[in-house]
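Each remark here refers to the structure printed beneath this line.
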Amino acid sequence: IQEPNKKQWSLQDFEIGKPLGKGKFGRVYLAREAKSKYIVALKVIFKEQIEKYKIQHQLKREMEIQTSLRHPNILRLYGWFHDSERIFLILEYAHGGELYGELRKRGFLSENKAATYIMSLAQALAYCHEKHVIHRDIKPENLLLDHEGRLKIADFGWSVQSRSKRLTMCGTLDYLAPEMVENKAHDYAVDNWTLGILCYEFLYGVPPFEAESQSDTFRRIMKVDLSFPSTPCVSTEAKDLILRLLVKDSSKRLSLQKITEHPWIIKNADPTG
Ligand SMILES: O=C(O)Cn1ncc2ncnc(NCCc3cnc(NC(=O)Nc4cccc(Cl)c4)s3)c21
């Protein structure tokens, strides 16, 4: 059933622009709503792909979760519609594209940018956790930038809406916390671990446990085999924050609140995010 004021969108309501990228299960296009001229990103997902991989429930959950989330650092999902063979997600357009692109282009980020992104992520994740949502797939590809360079977490395709311990595996290995790699029940603290991984990757240009093979990465994560290269030169405070997040015992990781109060964040992050 449709809520009374819910507009039923269709492809005819949009003028399709350039392709923005091809994500999983489909492509994303720049689009404009014909009447309001409002610019959006339109993600096209093929139904036969969703059926083939049996992820209808995941997509449904994403839509439920995303429509209830409102935060400056979370990419909006305005709505969706479908035709005979495709599902369309009407998304906020992130003009700056993937943060990944900026990281690859520059090699590594300044402490000011890294701290600003980590602060924005901590605030967005604290908001998600208040709503009992664990994203579980925070990685540079899922982080977008708006026209002001503000970070937007996207793609809640892997998120879960519950306090219950989750056992399903998801995401690439580099960003998985030990308890996820061990396929043990995990909770909110997985996102805190991932912030430590991202903070390291923003400052050094590579994730901390990168290795030739998946099994080597697995081993390095389980051992928390962490070392800091001598270049680029990174402040002691930044290393302190990383060391307080990449802790195997999930209960001992720095809380999201404490991250926003860490000296390195206070000193280096732009307050406007
Ligand atoms: O297009 C790019 O590569 C980058 N780009 N550049 C600018 C830009 N502005 C907005 N969005 C972009 N990309 C889409 C980001 C997403 C948000 N939410 C998603 N959700 C999803 O894919 N869910 C989903 C799909 C298939 C199956 C299942 Cl289970 C879940 S994808 C943008």
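Along the sequence shown, residues carry numbers from 1. Hydrogens, waters and symmetry mates are skipped; everything else that's a heavy atom, side chains included, is used. Counting convention: from 1, in listed order, for ligands and their atoms alike.
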With backbone taken as N, CA, C and O and side chain as the heavy atoms from C-beta onward, which portion of [X] lies under 4.0 Å from ligand 1: side chain, backbone, both, or neither?
X: Ala41; value: side chain
X: Ile45; value: side chain
X: Leu91; value: side chain
X: Leu89; value: side chain

Residue that, paired with Glu92, satisfies salt bridge (charged side-chain N to carboxylate O under 4.0 Å, His left out) out of Arg70, Lys43, Arg150, Lys152:
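One option only clears the test, and that one is Lys152.
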Any nitrogen or oxygen of Leu75, main chain or side chain, under 3.5 Å from a nitrogen or oxygen of ligand 1?
no
What atoms in ligand 1 come closer than 4.0 Å to a heavy atom of [X]?
X: Ala94; value: 7 (C), 8 (C), 9 (N), 10 (C)
X: Ile55; value: 27 (C), 29 (Cl)
X: Glu98; value: 3 (O)

Should Glu92 be listed as contacting ligand 1, given a heavy-atom distance under 4.0 Å as the test?
yes
Taking only Lys NZ, Arg NE, NH1 and NH2, and the carboxylate oxygens of Asp or Glu, determine whether [X] and [Y] approach each other closer than 4.0 Å.
X: Glu141; Y: Lys22; answer: no
X: Lys258; Y: Glu261; answer: yes
X: Arg220; Y: Asp216; answer: no

Counting only heavy atoms, tell me which of Lys22, Glu62, Lys43 gets closest to atom 20 (N) of ligand 1.
Glu62
Could you work out, for atom 12 (C) of ligand 1, the closest of Ile50, Leu144, Leu30, Asn142 by heavy-atom distance?
Leu144
Once rounded to the nearest 0.5 Å, what's the spacing between atom OG of Ser10 and atom CZ of Phe88?
9.5 Å
Look up atom CD in Glu33 and atom OH in Tyr78, then write down how far apart they are to the nearest 0.5 Å.
12.0 Å
Answer yes if the ring centres of Phe25 and Tyr53 are under 6.0 angstrom apart, and no otherwise.
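Distance test on ring centres: under 6.0 Å, yes.
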Heavy-atom neighbours of Lys267 NZ exceed 12 at 6.0 Å
no
